[in-house]
Amino acid sequence: MAGVLARRDRALNPEETEALLREHLGEQVLGSVVEFGTFTCKLAPEGWVEAARLARDEPQLAYDLFDSLFGVDAREEGFDVVAVLYSTSTGNRLVLRTRVPGGRDAPRLASITEIYRGADWMERETYDMFGVVFDGHPGLEPRILTVENFEGWPLRKDFHLASRAAKPWPGVKEPAELDEDGNVIERVPEIGDAPGPYELDKAMAAQAKAVIEQERVEREERERKAAERAAKAAERQARKEAKARAAAEAAAAKAAAAEADADQQPASSDEEDGA
Amino acid sequence: MSDLSTREKIHPGTAPGEDIALEIVGDGDFATTDMTLSIGPAHPATHGVFRIVLELNGERITAARPVIGYMHRGFEKLAEYRDFRQIKALVNRHDWLSGFSNELGVALVVEKMLEMEVPDRAQWIRMLIAEWNRVLNHLMFVGSFALELGAITPMFYAFRERDEIQYLLEAATGGRLHFTYNQVGGLKLDLPKGFLAESVRLSKLTQERLPDYFDLVLGNEIFQARTVGVGPLPPEVALSFGVTGPTLQAAGVPEDSRVTEPYLKYDEVDVPVHLGENGDSFDRFACLLYRIQYSLHIIDQIHDHLPAGPVNTKLPKMVKAPEGAAYQRIENPLGQLGYWLESDGGRTPWRLKMRTPSFSNVQSIPYLLEGMLVPDAISVLGSVFFVVGDIDR
Amino acid sequence: MGVMDQVELPKPVRYVFNWGRKFSLWCFNFGLACCAIEFIAASTSRHDFIRLGVIPFAHGPRQADLLVVSGTLTDKMAPAVKRLYEEMPEPKYVISFGSCANCGGPYWDSYSVTKGVDQVIPVDVYVPGCPPRPEALLDGIITLQHMIQHESLPDRIAGRRQDAVTLGADAPLTLEGR
């Protein structure tokens, strides 16, 4: 992880990235903007595929993680298609954005499935939701999310929700409902400035930790005592065994001695038996 | 077998001159015909309403085609008709196992556009709940993956922990699955009395029980036989598909938003990431288990850091995002969740795009299944962790 | 069922017969969305609905008495749930678990969600909540068991034929048809 983070120092900043893209794509880069920390590069549709290829293959850019691709309704001018790319090596994010040619009637854009595998389903989804056709895509039909015989393109702004027309909002308040006098209803957070039950909580957490610690100590103590007992028992056992062994050895020695004695005086014992 | 003609193997009684309309494809010595097997949309192995159509040659899969959309509820359209506090109640339902993380993403992207300062205590509590939510989610997959491979017990073990954690989170948020605890600018309520103590106790308890999962599942020979070397995903392919989360980390790519693009206070705690080597089913599952362990490690650190103070801020009369577009990604339990919020300055979003981890992860399934045996398909489907609602939204 | 669905049994026999049926409900979980997780939670050790005689191990709809539809039903999914229901043998019962299955729930205005599973198949017990707690499912099961105890099978079968007419069982299920 540290190695990856170290490489971040050499990452290009937005200006350098734009300059690099302009160097290769020329007029097809229409402009760029950094909005809320996200670098967005606006492209002409002709440069769409080339820009994606460049973003992946140019070693200084190396946008290897294909994040997402989706459409945005651009009012009467048609639709925008946005691709979000991320680089795991530099930690940069690049957003490519283009206005799809063909207006609202016949939007068509080139596919980038050849460059990023993940674009396959994302483009199918964009087709399903907006009706944007991607040239060179392996198969936009059947529709990926909606039911096969679905009519219309749900995420276009001119697609209205039928249930909403038939039924009023079922909740108590419409979004931004007005009160009787026509003022927006103000919602004041009730506990915004309350300090929270922190001290007590902390004390209780400490207590819980102490209990866990106490249990651990007790367990260790128990284990230690058990180990001691086991050691003592083992010692006793060893002593016992040593004693037994000594006794056995003594007995064996005695037996051997007796045997030796018996060997020396076989005649006399026979005599005794005979007597 | 080799002395018989292919025809005789399939139709022993056919006369020599007769035509057979079957296309016969041989695999080694054993002649078979191609077959299409449709699994789902209501099949236990796909855990949810996910359908996959397999082209089979004998037991071997020649092509796989996932069919999705059975859970498409049109979230992105509905969001355009709702204001931000209403979206929050809807958004936690798409990935039903990680409700808190989902709503957290929406809150963060709106706060980013409003350039709002969120109180420290709220941020720490958000982290605490988000990590508990991650543990909840992963425990579910630990149980279900083992179940799909034929072991029932881990499911009951996992739900033992899940129930305890759900009761803990319910105490704070009032919800068991869908918490709706975030709001723009902070949290709905502060933690209740005694929450931290219980959280400490539960974290300890779960950590004590975690070795059971490692031994029972990961150390199980049958489990290993069914997962090691099955469905390896090379890192460059994974990245090209946009695969993230434990599935990407199993392939050895050190990418985790909590580390590489920290949000909330993740830069102030130690976030370990376990990386796999081969990217196979075994590694994917190991990464999931380690993520539980490391989440609990983060939870322990949060217990020590949690500051005092307010948990929410005064909001303007009506929360309206300024004109423009912002992107925020967070590390959802299953991978990177991204929200692209485009606003025209109104009280509802102009466009709210959700980049969900499951959608991208599932795209890699046809690549993984090609050339594989049918029983291995279950191991792959279970280990490319996905939630159907998260695919279809 | 043959004779059973035509002849009314004598009361004592019916009592024993229904008593036996209500405590051996083989259940097929049609888990669609969030509620399926709560269904699983209800079947594991803590809530454990097996103690009520509900057995969640039916191998498929053909071996099941009880269908629990838990989660959002979409238009794309509706034909499948209808087919599963038709595969089940009589007498069969349906619990609609969760707000989405009851009426569309939070997706009431969506373009792709069926506004309630009762538009496709007849439902016996509705369990409200989003998602309902496992305890709510237990309550729903007990309600169903109470119903089974007091029902007459011929009446039920007759009612089922009426349902089939109103829901158009013989007509193919299309979007326009609803």
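Naming convention: chains lettered A, B, ... in sequence-line order (proteins, then strands); numbering from 1 in each chain.
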- request: Please check if atom CD in B:Glu117 has more than 12 non-hydrogen atoms from other residues, nucleotides or ligands closer than 6.0 Å.
  value: no

- prompt: Would you say A:Asp120 and B:Gln363 make side-chain contact, with heavy atoms under 4.5 Å?
  reply: yes

- request: Would you mind checking if A:Arg216 and B:Glu208 are paired as a salt bridge, meaning a charged N to carboxylate O distance below 4.0 Å?
  value: no

query: At a heavy-atom separation under 4.5 Å, does A:Val33 approach chain B through its side chain, its backbone, both, or neither?
result: neither

message: Heavy-atom cut-off 4.5 Å, strictly under: side chain, backbone, both or neither for B:Glu80 against chain A?
response: side chain

message: Please classify the contact of A:Val211 with chain B as side chain, backbone, both or neither, using a heavy-atom distance under 4.5 Å.
response: neither

statement: Scored by heavy-atom pairs under 4.5 Å with chain A, the best of B:Ala325, B:Gly74, B:Pro119 is B:Ala325

- prompt: Which bit of B:Pro322 comes within less than 4.5 Å of chain A, counting heavy atoms only: side chain, backbone, both or neither?
  reply: side chain

Under 4.5 Å from any heavy atom of chain B - which part of A:Met129: side chain

message: Side chains of B:Arg329 and A:Tyr86 only: does a donor on one sit below 3.5 Å from an acceptor on the other?
response: yes

message: Only pairs of heavy atoms separated by less than 4.5 Å count here; which of A:Ile144, A:Val95, A:Val84 has the most with chain B?
response: A:Ile144

query: Given that the side chain runs from C-beta out, which part of A:Arg156 has a heavy atom under 4.5 Å from chain B: side chain, backbone, both or neither?
result: backbone

Salt-bridge contact B:Asp300-A:Lys209 (side-chain N to carboxylate O under 4.0 Å): no

- line: Closest non-hydrogen atoms of A:Phe66 and B:Arg355, given as atom of the first, atom of the second and distance, are O-NH2, 4.0 Å

task: With a 4.5 Å cut-off on heavy-atom pairs, point out which of A:Thr38, A:Asp64, A:Asp67 contacts chain B the most.
output: A:Asp67

query: Where do B:His72 and A:Thr146 come nearest, in terms of heavy atoms and distance?
result: CD2-CG2, 4.1 Å

statement: Okay, A:Ile212 and chain B: the region with an atom under 4.5 Å from a heavy atom over there is side chain

field: Toward chain A, the part of B:Val67 with a non-hydrogen atom under 4.5 Å
entry: neither

- prompt: What part of A:Leu85 lies closer than 4.5 angstrom to a heavy atom of chain B: side chain, backbone, both or neither?
  reply: neither

- prompt: Is it the side chain or the backbone of B:Phe359 that comes within 4.5 Å of chain A heavy atoms, both, or neither?
  reply: both

query: With only heavy atoms counted, which part of A:Asp128 is less than 4.5 Å from chain B, the side chain, the backbone, both or neither?
result: neither

message: Determine whether a donor-acceptor pair (N or O, by modelled atom type, separation under 3.5 Å) exists between the side chain of A:Lys157 and the backbone of B:Trp350.
response: yes

Flag side-chain contact, heavy atom, 4.5 Å: A:Arg56 against B:Ser240: no

message: Looking at A:Trp121 and B:Val362, would you say the former's side chain and the latter's main chain have a donor-acceptor pair under 3.5 Å?
response: no

query: Relative to chain A, which segment of B:Glu76 carries a heavy atom at a distance below 4.5 Å: side chain, backbone, both, or neither?
result: both

message: Looking at B:Lys204 and A:Glu213, is any side-chain nitrogen of the basic one under 4.0 Å from a carboxylate oxygen of the acidic one?
response: no

- request: Select one option (side chain, backbone, both, neither) describing which atoms of B:Lys353 are under 4.5 Å from chain A's heavy atoms.
  value: side chain

- request: Flag the one option from B:Val237, B:Val243, B:Ile391, B:Thr244 with the top tally of heavy-atom pairs under 4.5 Å to chain A.
  value: B:Val237

message: Once rounded to the nearest 0.5 Å, what's the spacing between atom OH of A:Tyr63 and atom CG of B:Leu239?
response: 14.5 Å

- request: Examine whether an atom of A:Arg143 lies under 4.5 Å from a heavy atom of chain B, and if so say whether it belongs to the side chain, the backbone or both; otherwise answer neither.
  value: neither

Contact class of B:Ser364 relative to chain A, heavy atoms under 4.5 angstrom: neither

query: Side chain, backbone, both or neither: which part of B:Glu236 has an atom under 4.5 Å from a heavy atom of chain A?
result: neither

- prompt: Under a 4.5 Å cut-off applied to non-hydrogen side-chain atoms, are A:Phe36 and B:Val109 in contact?
  reply: no

- request: Quick one: which of B:Glu342, B:Lys112, B:Arg201 has the most heavy-atom pairs under 4.5 Å with chain A, could you say?
  value: B:Glu342

field: Side chain to side chain, B:Tyr327 and A:Glu35, heavy atoms closer than 4.5 Å
entry: no

Closest heavy-atom pair and its distance - A:Leu65, B:Gly242: CD1-CA, 3.7 Å

